[in-house]
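Worksheet for the structure shown next.
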Amino acid sequence: MIFLNYILIPLVSLLSFSRGSKKADSAHATVSRSIPNAAFDVGERLVFDINYGFVTAGQAVMVIPGYKYVAGKKSYEINTYAVSTEAFDNVFKVRDKYSSFVDVDGIFPHRFEQHVHEGHYSKDYEAFFDQDELTAEIGDGTKYKIPQFVHDILSAFYYVRTLDLTQYHKGEKINLQNFYDGKTHPLDIMILGRQQVETDAGKFDCIVVEPLVVEGGLFKNEGSIRIWLTNDANKMPVKVSTKVVVGAIDILLTKYSGLRNPTTAKIEDK
């Protein structure tokens, strides 16, 4: 399994949360939709340390640098990077980039790119989503049928941030969908409750969720993944913890800027 299946993908693995009904988007939905977004905007930048035990193995960055027009549609350009530290390069060098171009009004993807360089492994992948024809075309020209408003792993994470997660109760599951590499993968998210978590960026009141991993899908069933999102309008990721074959990996927020809203979930020292 490549590095990002343990590191970056868990950070953006909230996949396509449905809105309101707690079910996946209806097959009868129309192409034109408007999703209220008060959670993020252009200029947001989140920086994380990737820790393996007591060792900082790398850094991840999630950033929205601006808008791009894809197929004539105004889209957020969203980029996520993962880079191993100089010291860790000698063990396993990582230089990864994921990009999604997300419709500003409907919060669904028009285009997705993946550029993975990990040790001796590399992969370049792209998909173009036609939400009118309900097809996804990958880099070699092959087209696949897709559900309407299906997500890639990045657009899905930013979509879930538009949801009011306080409407879900502990133990409740939310149905998800994600298209990757020619297949649409189901994945559920379980709400675990609320918890305070502290990182170098501060102490925050968070909503904790757990993606329920399905064997044979985008993820492998090798350990639990838990994600802490700020319990405020931003739903900013603060921590991701995942168990691996040997030990555990923690992804911790260290810096943030350009947030759309005040960080009301941050607990100030008295």
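Index from 1, following the sequence.
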Tell me if the aromatic rings of Y67 and Y76 count as close, with their centers under 6.0 Å from one another. yes
Within the supplied structure, the quantity of interest is the number of heavy atoms (other residues, nucleotides, ligands) at a distance under 6.0 Å from K145 NZ; does it exceed 12? yes
Between Y159 and H151, ring centroids under 6.0 Å: yes
Kindly assign one of parallel, tilted or perpendicular to the pair F40 and Y158, based on the angle between their ring planes and the thresholds 30° and 60°. perpendicular
Tell me whether K123 at atom NZ has more than 12 heavy atoms from other residues, nucleotides or ligands lying less than 6.0 Å away. yes
Would you confirm whether the ring centroid of Y81 sits within less than 6.0 angstrom of the ring centroid of Y98? no
Rounded to the nearest 0.5 Å, how far does CD of Q196 lie from CG of N231? 10.5 Å
Ring centroid separation F112 to F179 under 6.0 Å: no
E126 CD: over 12 foreign heavy atoms closer than 6.0 Å: yes
Closest approach of N79 to S99 (non-hydrogen atoms, all atoms of both residues): OD1-OG, 2.6 Å
Residue of the set H115, Q114, K97 for which side chain to side chain donor-acceptor pair (under 3.5 Å) holds with D124: H115
Cationic N near anionic O, under 4.0 Å, R111 to D103: no
Quick check on R260: does its CZ atom have over 12 non-hydrogen neighbours (other residues, nucleotides or ligands) under 6.0 Å away? yes
Would a 4.5 Å heavy-atom cut-off, applied to side chains only, mark N234 and T263 as touching? yes
Is E44 salt-bridged to R161, cutoff N-O under 4.0 Å? yes
For S84, run the side chain to side chain donor-acceptor pair (under 3.5 Å) check against D96, D89, N90 and tell me which one passes. D89
To the nearest 0.5 Å, how far apart are OG1 in T166 and NZ in K235? 8.0 Å
